[in-house]
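Note sheet for the following structure.
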Amino acid sequence: MSSGRTEPVAPGARGSRASRYGLRSVALVYLALILVLPVGMVFFRTFENGLQPVLQALSDPETLHALYLTVLIAAIAVPLNTVFGVFCALLMVRRTFPGKAFLSGLIDVPFAVSPVVVGLSLILVYGRTGWLGGWLAENGIRVIFALPSMVLATIFVSLPFVVREVVPVLQEIGVEQDQAAHTLGATPWQTFWRITLPAIRGGVTYGVILTTARALGEFGAVSIVSGKIAGQTSTLTVHVEERFQQFDLVGAYTSSLVLAVIALVIVLAMTVLKPKEAGS
Amino acid sequence: MTISAIGITKRFGEFVALDDVTLEVAGGELTALLGPSGSGKSTLLRVIAGLEHADAGEVIISGEDATGRPARDRGVGFVFQHYAAFKHLTVRDNVAFGLSIRHRPKAEIARRVDELLHLVQLGGLAERYPSQLSGGQRQRMALARALAVEPKVLLLDEPFGALDARVRKELRGWLRRLHEEMHVTTVFVTHDQEEAMEVADRIVIMNEGRIEQIGPPRELYETPGNEFVMSFLGPVNKLGDVLVRPHDVELLLEPNGVSTEALIDRITYLGFEVRVELELPNGRKLWAQTTRESAAPLEPGRTVHVRPRATRTFDGDGAETRPAGDSPWWDRRVTMEVHHS
Amino acid sequence: MARPAPSQVLRRRKVRRSTWLGVGLVTLYLSVIVLIPLAAVAWHAAELGPAAIWRVVSSPDTRAALQLSLFSSLAVAAINAVVGTIIAWVLVRDTFPGKTIVNALIDLPFALPTIVAGLTLLALYGPKGALGVNLAYTRAAVMLALLFVTLPFVVRSVQPVLMELEKDVEEAASSLGAHGPTVFRRVVLPSLLPAIVSGAGLSFARAIGEFGSVVLISGNIPFKTQIAPVRIFALIESGDSAGAAALAVVLLLISFSVLLLLAFVQRWGRKGDE
């Protein structure tokens with residue numbers, strides 16, 4: 001240690017100049033080819049023929065309805081998963097019960113399931129020949145090819161995010177602040193709203209952003225259960241594919257652009273709100 | 001504002017944290033729960049506060065049975081070792097928390113908070129966040145927060161345990177003065193015997209989930225009920241089953257009939273106090289605590305004459321004082337241990 | 001002080017009634033959303049029986065799709081392990097203008113809808129692409145799409161480990177006479193390995209189930225560019241939900257075993273910390 005200050009750092013420690021530039025180039029070129037150029041290309045292609053077609057595509061009733069449906073589904077799925085996520089995280093961190101590790105594993109299951117399988121699974125439960133299909137048909141309730149199944153699919157794929165973000169925060173803050181609130185006369189409900197929730201708000205916000213990103217962007221699962229009825233069950237992502245298949249490239253690119261801008265805003269929010277690394 | 005904990009038993013699985021403990025605390029008293037780690041002192045405090053629930057026994061706070069009540073209805077103020085500051089609230093809002101959830105008028109809250117912040121000398125820091133305070137300041141804030149709701153009793157769990165030595169000393173004196181001003185019944189947990197002796201009116205010594213002895217600091221020090229209490233409250237030389245405090249080991253330059261010879265091994269100067277390590281003719285070692293002045297003629301290798309002013313032996317529960325010279329005090333049994341503080 | 005460690009306290013305590021209520025609610029939600037639908041898939045496949053499942057899976061076009069999925073996902077995991085580690089390294093140790101932006105962009109594939117990802121790749125690497133290469137409807141296009149959506153996994157799992165791995169360790173090693181590549185191989189790589197494996201495993205699990213980004217650019221040509229999830233989609237469309245369920249179960253088994261394996265890897269990585 002004594003020599004650490006006076007001796008120059010050995011070249012091996014930082015990598016020689018050449019290898020540093022080499023690695024930097026590999027990283028940046030890869031990112032450019034895989035990520036930046038393609039996404040940039042969408043911006044370019046969208047406005048290739050000027051602003052007019054873009055505005056036209058944007059004001060197309062089907063596009064607007066798709067946007068509305070996307071927001072509506074997210075507005076149902078995100079709050080549900082947020083409440084579930086916070087509740088579940090509190091349960092897993094603060095309570096003891098047998099099978100906790102198993103439950104924790106179950107919560108991650110949606111990460112391991114292909115969106116196509118999610119769609120299939122909902123069809124097998126709620127579809128015409130599914131487990132509940134007969135009963136639903138008798139009572140005139142439409143789940144598949146309608147909003148309910150699209151909401152269910154979205155909740156499925158975006159379920160783990162809030163739990164996963166809140167659990168470590170809860171573990172870090174411990175229970176002392178809550179206990180202090182109890183001794184000061186706060187009811188469990190007051191303690192939750194005034195102490196626990198503010199203490200975990202960073203984790204909750206981050207989890208909500210990830211959930212929202214996934215909810216707005218889900219394609220596979222939603223597209224399978226939606227039936228892709230244009231102007232009725234098309235979300236924005238389904239609309240992109242449908243426009244593309246109809247050779248309406250401007251329409252596809254315009255909707256993509258809307259989604260890409262949302263994604264960029266989400267990435268920005270993620271960067272600003274990213275939970276700090278341990279130790280800070 | 002008395003506290004009675006009667007027949008409290010608390011187990012954590014196999015581990016018995018409290019074993020049928022009964023404790024009475026008189027109103028207005030400042031009591032210390034003193035004991036080593038795992039002695040059950042914090043658990044007892046948390047049972048009184050309602051933060052843990054006992055497996056058996058009852059808790060009565062100022063005459064009312066609080067056993068089944070949640071912490072929020074017990075009227076206790078609790079101060080945690082690691083402050084438990086509400087990190088997202090300012091100092092002012094931390095202190096105001098208990099009043100604000102009781103929906104007291106804003107003006108009253110503001111007045112009371114100002115008063116308390118003044119009392120704990122944080123008047124100028126009201127708008128800061130806990131992360132901008134030092135440890136000592138945070139603990140004073142936590143104390144003001146606990147006092148804001150005018151608790152019937154104040155409970156402090158190792159309140160100075162996370163602070164450095166200097167701040168700890170300062171806060172001890174300050175807690176003592178605060179108690180003299182407010183006279184709220186106070187129980188605090190500590191593992192530091194000096195802290196307990198300095199601050200408390202009464203000390204409760206705990207060990208392995210039981211109370212060993214209760215009494216004022218001086219009484220406990222002078223008439224300890226058993227070996228554990230004696231050795232926990234200060235350094236002890238153990239010679240067989242005879243216990244003698246190092247400051248009761250008198251060093252004489254000439255023999256006086258009841259004294260015995262000892263060889264000086266080593267002398268350590270600690271300012272006013274001087275430690276003299278000795279070896280007896282039978283090979284046993286002990287040490288004497290003396291002053292710089294009395295130690296002046298001593299040097300390692302020299303033979304002195306040792307005479308205990310007071311020794312104790314404990315048989316089972318009872319204690320008896322043996323006047324020096326009753327029988328060869330230094331040669332009763334073969335085992336030998338030297339205790340340093 | 002006088003309390004045993006909290007974990008010890010928790011482990012031994014009786015389960016409270018309100019906890020059971022909470023566990024019940026969580027299980028109910030999970031069941032309605034996740035478990036019952038997945039059980040339906042397993043049920044439909046089980047009804048076919050093992051022989052029939054095997055027949056579905058080993059039918060030439062399904063087998064080709066499964067093989068393509070497996071091989072391309074493995075390749076994607078391997079490429080990510082290498083390139084992802086390099087990117088993480090550059091983001092942690094190197095400084096250059098715009099690094100913050102590059103770092104933020106790594107998360108873009110998580111935020112960008114997969115169908116848009118597919119369209120963006122098609123815009124650049126499709127017919128009339130700006131680079132003059134047309135990869136549309138080739139296996140290379142499949143790889144490209146999978147690489148796009150799995151980009152963040154290795155980077156984001158290696159980055160924090162690399163940040164924690166103090167430069168001291170490397171400097172100490174090089175002051176003992178070790179040189180660049182040796183330091184990397186003997187000191188840095190072993191500490192990063194659990195994170196790399198974990199990131200690569202997540203990439204694999206994601207790639208094997210990926211659908212949206214591949215669907216536009218691959219052309220879904222059976223025996224050539226059709227991957228397993230797209231094959232399931234085709235089976236659903238043609239009304240063969242039993243066949244779809246059979247293939248879905250195979251996919252589920254593959255990704256579950258990968259994630260289970262990862263749980264062990266993570267435990268192994270944590271052991272290295274102690």
Side-chain angles (χ1 to χ4, degrees), chain A residues 3 9-13 15-16 20 23-24 26-27 30-31 34-39 41-42 45 84 88 91 95-97 106 109-110 112-117 120-125 130-131 152 155-156 159 213 217 219-220 224 237 240-241 244 252 256 259-260 263 266-267 270-271 277, chain C residues 10 13 15 19 22-23 26 29-30 33-34 36-38 40-41 44 83 86-87 89-90 94 96 104-105 107-108 111-116 119-121 123-124 130 147-148 151 160 163 170-171 174-175 178-180 183 205 209 211-212 216 229 232-233 236 241 244 248 251-252 255-256 259:
Chain A
S3 64
V9 175
S16 69
R20 191 149 56 97
L23 287 177
R24 191 194 296 176
V26 170
Y30 183 84
L31 287 175
I34 287 276
L35 192 63
V36 180
L37 289 178
V39 175
M41 200 61 197
V42 166
R45 278 284 161 85
F84 168 79
C88 187
L91 196 71
R95 295 298 177 94
T96 305
F97 52 92
L106 279 188
V109 162
V113 180
S114 171
V116 182
V117 177
L120 171 69
S121 73
L122 291 174
I123 286 177
L124 293 179
V125 175
W131 282 356
L152 283 172
I155 297 178
F156 188 126
L159 183 135
F219 168 71
I224 287 173
T237 51
V240 169
E241 196 220 3
F244 182 82
S256 286
L259 288 165
I266 282 170
V267 165
M270 282 165 78
T271 310
E277 294 301 328
Chain C
L10 289 175
R13 195 183 286 163
V15 183
T19 304
V23 173
V26 166
Y29 188 86
L30 273 177
I33 301 294
V34 177
I36 293 174
L38 288 184
V41 175
H44 275 79
V83 183
I86 292 174
I87 294 173
W89 181 276
V90 168
D94 203 354
F96 54 89
L105 281 178
D107 286 328
L108 191 57
L112 198 69
T114 50
I115 189 79
V116 179
L119 193 66
T120 63
L121 290 171
L124 188 62
L147 283 173
F148 183 101
L151 170 74
M163 274 194 263
E170 283 170 64
E171 285 177 11
S174 63
S175 74
H179 290 291
V183 173
F211 175 70
L216 294 186
I232 295 178
F233 182 77
I236 298 172
S241 56
L251 271 195
L252 283 176
S255 43
F256 283 161
L259 290 187

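On a predicted model such as this, the values are computed, not experimentally measured, just so you know.
With a threshold of 4.5 angstrom between heavy atoms, C/Ala104 approaches chain A through its backbone and through its side chain. Using a 4.5 Å cut-off between heavy atoms, A/Arg45 touches chain C through its side chain atoms alone. Only the side chain of C/Tyr29 comes within contact range of chain A, with at least one heavy atom under 4.5 Å from a heavy atom of that chain. Interface residue A/Leu31: only side-chain heavy atoms are found under 4.5 Å from chain C. Of the two parts of A/Phe84, only the side chain, counted from C-beta on, holds a non-hydrogen atom closer than 4.5 Å to a non-hydrogen atom of chain C. C/Leu105 touches chain A through backbone and side chain together, each having a heavy atom under 4.5 Å away. Both the backbone and the side chain of C/Ile33 come within less than 4.5 Å of a heavy atom of chain A. Interface remark: C/Ile36 contributes backbone and side-chain atoms alike to the contact with chain A (heavy atom separation under 4.5 Å). Residue A/Val26 touches chain C through its side chain alone, counting heavy-atom pairs closer than 4.5 Å. Heavy atoms closer than 4.5 Å to chain C are found in both the backbone and the side chain of A/Leu120. Within the 4.5 angstrom heavy-atom criterion, only side-chain atoms of C/Leu252, from C-beta onward, approach chain A. In this structure, chain C has heavy atoms under 4.5 Å from both the backbone and the side chain of A/Phe97. Looking at C/Val23, the atoms closer than 4.5 Å to chain A (heavy atoms on both sides) sit in the backbone and in the side chain alike.
In this structure, the side chain of C/Thr120 does not engage the main chain of A/Pro38 through any donor-acceptor pair within 3.5 Å. A donor-acceptor pair is defined here as one N or O able to donate and one able to accept, closer than 3.5 Å; such a pair exists between the side chain of C/Ser255 and the backbone of A/Ala112.
The two residues C/Pro229 and A/Ser114 come nearest to each other via the heavy atoms CB-OG, 3.9 Å. Taking every heavy atom of both residues into account, C/Ser241 and A/Leu124 meet most closely at CB-CD2, 3.9 Å.
Looking only at heavy-atom pairs under 4.5 Å with chain A, the residue among C/Val116, C/Leu124, C/Ile115 that has the most is C/Ile115. Chain A forms more heavy-atom pairs under 4.5 Å with one residue of C/Ala205, C/Ala248, C/Gly212, C/Gly22 than with any other, namely C/Gly22. With respect to chain A, the highest number of heavy-atom pairs below 4.5 Å among C/Val90, C/Asp94, C/Val41, C/Ile86 belongs to C/Asp94. Between chain A and the residues C/Thr114, C/Leu251, C/Leu216, the most heavy-atom pairs under 4.5 angstrom are made by C/Leu216. When each of A/Ile266, A/Val42, A/Leu91 is checked for heavy-atom pairs under 4.5 Å with chain C, A/Leu91 comes out on top.
Taken from CG in C/Leu121 to CG in A/Leu35, the straight-line distance is 9.0 Å, to the nearest 0.5 Å. Of the inter-residue distances, the one linking C/Asp107 atom CG with A/Thr271 atom OG1 reads 6.5 Å to the nearest 0.5 angstrom. Here OH of A/Tyr30 is found 6.0 Å from CG of C/Leu151. Values are rounded to the nearest 0.5 Å. In this structure, the separation between CG on A/Leu106 and CG on C/Leu38 is 10.0 Å, given to the nearest 0.5 Å.
For the side-chain contact (heavy atoms from CB on, under 4.5 Å) with C/Val34, the lone residue among A/Ile155, A/Val109, A/Leu152 that qualifies is A/Val109.
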